[in-house]
Number of protein chains: 2
Amino acid sequence: MAKAPTMKEVAKAAGVSVMTVSRAFRADASISTATREKIQRAADELGYVFDATASGLRVKKSGFVAMTIPSISNSNFADTVGGLSERLAASGRQVLLGYTNYDIDEEERLIRQLLGRRPEAIVVTGGQHTEAARKLLQGSGIPVVETWDLPTDPIGSVIGFSNAKAMEAMVQHLVDAGHRRIAYLGGDGNADTRGADRRRGFADAMAHHGLAADLLIDAGLPPISMREGAHAMGALLDSGRTVDAVCCVSDLAAFGALTECQRRGLKVPDDISIVGFGAYELGDICVPTITTIDPAAREIGARAADLLIKCLDEGQSETSAAPITPKLLIRQSSDAAKGGQKK
Amino acid sequence: MAKAPTMKEVAKAAGVSVMTVSRAFRADASISTATREKIQRAADELGYVFDATASGLRVKKSGFVAMTIPSISNSNFADTVGGLSERLAASGRQVLLGYTNYDIDEEERLIRQLLGRRPEAIVVTGGQHTEAARKLLQGSGIPVVETWDLPTDPIGSVIGFSNAKAMEAMVQHLVDAGHRRIAYLGGDGNADTRGADRRRGFADAMAHHGLAADLLIDAGLPPISMREGAHAMGALLDSGRTVDAVCCVSDLAAFGALTECQRRGLKVPDDISIVGFGAYELGDICVPTITTIDPAAREIGARAADLLIKCLDEGQSETSAAPITPKLLIRQSSDAAKGGQKK
DNA sequence: CTGAAAGCGCTAACAT
DNA sequence: ATGTTAGCGCTTTCAG
C-alpha cells in the first residue's frame, strides 16, 4: 500500500527530467522513441498512474462535465446520462454526476459542490432553480445546458421540450379516440417540475376541449413509480367515479395503474385506456403495450454533449440547439382496435 | 463569463490574507466572527466557489470515492450506487462513477481513468478483472472493495454474495414445488460474470438433484433485459420442448418471458413457473408477481460506504465485512397455490 | 529533443 | 487571531 508514485519518481527511475516524462505522456510532444519507451517501462514498473487532478489545476481544464439529475433510479435520466457520457468519452471527458432527489434546495447544494470540481461545463435537468443556484450557474463562467424542459428564461443553452405541450398532444389523442372522462395520475406538488408541467398541459388541453379536468389523482411525492401508480389507480377506482381513460405522469406509473386494473379484472383498453410518458422499455414489452410519449432521453444527452464539444473545443459560443420533438407512440393500451379482446 | 475567482481575490476584496480566507471556509479554524462575516460577504459578492481540486492536491484528499458498474441503466446497480452515494455524502465525499458496459477490458481502461482522479477508495462490481486491472487496484494504495460477488482471490474487501449459491437455492425452491423440467434463461457468454455464475449455480443444482440441465437458453449478449427475455422465451416455446419452469438471470428477463407467455395465452404459474433474480420493483408489481432473490442492492452500497468510512476516517485496516445474505422471495409466478386461476 | 524555473489554488507549519 | 513561507504534481515558458 505505497503512496501513488509521481512523475518525479518515474523521472528518476528513467534517468530523465520530470518535464520529459510529462512530454512522454502527451501524444503530440516531441520525444525520441527510445526515451519514450524507456519512460513507459519505468512507469509500468512503478505502477504510475497519471494524475489528472494536478494536471487539471495547471492547465485549467478538469476534463469534467458536471450533470445533475433528479434520481439515478429513473431510467429516463439514466439514458440521458448514458448518451452524454458516451459521446463525451470520445473527447476524453468524464461526467461528474449528482442527484437532486427532486429537491430544488438540494440542487443548489449540489451545484455548488459540483462547481467546486471546476467542471468545464454543467448540464442540469429542468429549468427551475433557486435564485442562488441561478446566480451560481450564471457566474460560473462555463457553458450551462438545461435539459428536459423549455425554460422561459434560460440560463445558457437548452436541449429540451415542453412537457405541457407534449401532454396536450396526448390528450388530443385520447379525445380523438372518443374519451371524455379522462383522469390525470401523477405527483400532486411542484417538486417534480416536469410532472407539474405535464399536469398543467393536461388541464389546459381538457379545458380546450371543453372537458372537465376534475379527476386529478394525487400519487404522492416524487419519485412516482409503479407502486405509487398502482395505489393511486386503486384510489381512483375505489372512488366510484366514472373514467374512460387515465393519463399518467410516466410509463412507470401507467404500468402500476395497469396492473391494478388487471388485479381487479378490468380490461385495458376495453374497459379503460391508460397512457404514460417517457417511452420506457417496460411500456413496449408489457401486455398490453402502453401508449406513451418518447422524449428521446438518450438523444437529449447526446445532443448536449455535441453542443458542449462545439463550445469547448471549437470555441463556438453557446449554440441554441433545435428543440427536441417528442413523439407520440400509440400502442395497445389506448387503442381498443389493437388492444385486448373485444368486450 | 469571467474566470472563476480565487481565494486571492476574495482576500484582496476583504482586506485580509489568503490564509485567513482559507480558514474562514473551514468550520474548526479560529477566526473572529467579524472577519468571517466580512470574508463571507466578499465571497458572495464575487460569486466565489471553493476549489475542491486545488485543496485536494494540497491535502492529498480528493473527496472522491470511485465506483465502476456494468451499466447505469440497470436499477440493481443504480440502487447500489444510491446506497453508496447517500451514506458517503454524510462524510462529505462524492462518488465518481464509471460504466464498464459488461466489458472487462473497458473496466481496465476505466479503472485507470478513475485512479487518475486520485480517489480515496475504489469500489468495483464483480471479482473478475484483467491482470493489468488487478495490478492497478493492488498498487493503488487505496482501499478496494469488490461487490456483487464472492471472489476466490479478493483484492481488498468484499461486500457481496455467491451468485451461484443464490441460484442453487432458487432451483431447490422449484424442485420442492414439484418442477423437474427446468430451463435457464440468460446470457450465453461470460461477459456478465454474475450471470455466468448464476448459470453455473443452476447447472450444479440441477445435477445435484439428478436432473438434466439441458435447457440453457441463450438470450444473447448482456445487458439482458425485458426484450431479450421475451425473445428467448419465444425461442424456447417454439422449440416445442417440455418445460415446467424457467429460471431467469434477472427479473427483467423474467418479466419479458412472462409477457411472452401472456401473449401466447399460457398461464403463469399454472402452465409454467417463471422466476427471476434481483428483486426489482417491477417483479413485485406485475401480475403475477415474480418469485426472485433479493440481493439487497442498496445495502451493498451502504455497507461498502460504512466500511470505507471506517478505513478512511478511523484508520482501520480493511475490514472483512460479513457477507450479504440474499433472500429468496417466493411470489405468485412460481406458486400455483397463490398464483393465477386454477387450471 | 531535453531541462530548469515558475506557478496553477490551496493549506500545513511555523511565525507573530 | 492573523500572516508568511513553502510545496502538493503537474505544465507553461524559456533556454539550451
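Proteins get letters first, then strands, A, B, ... in listed order; numbering begins at 1 in each.
Within residues 108-117 of chain B, no residue has any heavy atom closer than 4.0 Å to DNA chain D. Using a 4.0 Å cutoff on non-hydrogen atoms, the parts of residues 16-23 of chain B near DNA chain D are B:Val16, B:Ser17, B:Met19, B:Thr20, B:Arg23, ordered by number. DNA chain D lies under 4.0 Å from at least one heavy atom of each of the following residues of residues 42-51 of chain A: A:Tyr48, A:Phe50, A:Asp51.
When the local axes at the two ends of the helix from C:dC1-D:dG16 to C:dT16-D:dA1 are compared, using 5 base pairs at each end, they differ in direction by 30° after rounding to 10°.
For B:Arg23, there are no salt bridge (Lys or Arg N to Asp or Glu O under 4.0 Å) partners two or more places apart in sequence or in a different chain. With sequence neighbours excluded, the residues that form a side chain to side chain donor-acceptor pair (under 3.5 Å) with B:Asn74 are B:Tyr280. Contacts of A:Arg134 classified as salt bridge (Lys or Arg N to Asp or Glu O under 4.0 Å), with partners at least two apart in sequence or in another chain: A:Asp153. Taking A:Arg26 as the reference, A:Asp28 meet the salt bridge (Lys or Arg N to Asp or Glu O under 4.0 Å) condition, with sequence neighbours excluded. A search for side chain to side chain contact (heavy atoms under 4.5 Å, CB included) contacts involving B:Leu96 returns A:Phe64, A:Gln94, A:Leu96, B:Phe64, B:Leu114, B:Arg117, not counting sequence neighbours.
Side-chain contact check for B:Ser85 versus B:Leu88: every heavy-atom pair is 4.5 Å or farther apart. Using a 4.5 Å heavy-atom threshold, the side chains of A:Asp79 and A:Glu299 count as separate. The closest side-chain heavy-atom distance from B:Pro151 to B:Val158 is below 4.5 Å. Here the side chains of A:Leu115 and A:Ser140 are in contact, with some heavy-atom distance below 4.5 Å. Counting heavy atoms from C-beta outward, A:Asp306 and A:Arg87 have side chains that approach closer than 4.5 Å.
Looking at heavy-atom distances under 4.0 Å, A:Ser30 makes contact with a base. B:Thr53 comes within contact range of no nucleotide atom at all, as no heavy-atom separation falls under 4.0 Å. Contact annotation for B:Leu57: base contact, defined as any heavy-atom pair under 4.0 Å involving a base atom.
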Under 3.5 Å donor-acceptor pairs involving side-chain atoms of residues 97-105 of chain B, not counting sequence neighbours:
unit_1: B:Thr100; atom_1: OG1; unit_2: B:Tyr102; atom_2: N; d: 3.2
unit_1: B:Asp103; atom_1: OD1; unit_2: B:Asp105; atom_2: N; d: 2.8
unit_1: B:Asp103; atom_1: OD1; unit_2: B:Glu106; atom_2: N; d: 3.4

Taking distance alone, no hydrogens or angles, what donor-acceptor pairs closer than 3.5 Å link side-chain atoms of residues 141-150 of chain A to residues at least two apart or in another chain?
unit_1: A:Glu146; atom_1: OE1; unit_2: A:Ile155; atom_2: N; d: 2.9
unit_1: A:Glu146; atom_1: OE2; unit_2: A:His129; atom_2: NE2; d: 2.9
unit_1: A:Thr147; atom_1: OG1; unit_2: A:Val124; atom_2: O; d: 2.9
unit_1: A:Trp148; atom_1: NE1; unit_2: A:Thr80; atom_2: OG1; d: 3.0
unit_1: A:Asp149; atom_1: OD2; unit_2: A:Gly127; atom_2: N; d: 3.3

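Comparing atom distances between the A:Arg58 side chain and each of C:dT2, C:dG9, C:dA6 picks out C:dA6 as nearest.
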I'd like to know whether A:Lys310 forms a salt bridge (Lys or Arg N to Asp or Glu O under 4.0 Å) with A:Glu314, so could you lay out the CA-CA distance, the side-chain angles of the two residues, the decisive distance to 0.1 Å, and finally the verdict. CA-CA 5 Å; A:Lys310 263 195 205 122; A:Glu314 296 160 33; over 6 Å; no
Start with the C-alpha distance between B:Asp313 and B:Arg93, add both sets of side-chain angles, then the distance that settles salt bridge (Lys or Arg N to Asp or Glu O under 4.0 Å), and finish with yes or no. CA-CA 11 Å; B:Asp313 294 341; B:Arg93 268 173 276 248; 2.7 Å; yes
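Rounded to whole angstrom, the span from the NZ atom of B:Lys60 across to the C1' atom of C:dG9 amounts to 16 Å. The nearest whole Å value for the distance from the NZ atom in B:Lys8 to the P atom in C:dC10 is 11 Å.
Around NZ of B:Lys38, the count of heavy atoms belonging to other residues, nucleotides or ligands within 6.0 Å exceeds 12.
You can see that DNA chain D meets the heavy atoms of chain A within a 4.0 Å-exclusive cut from D:dG9 to D:dT13, reading 5' to 3'.
Side chain to side chain, B:Thr193 and B:Gln128 fail the donor-acceptor criterion of an N or O pair below 3.5 Å.
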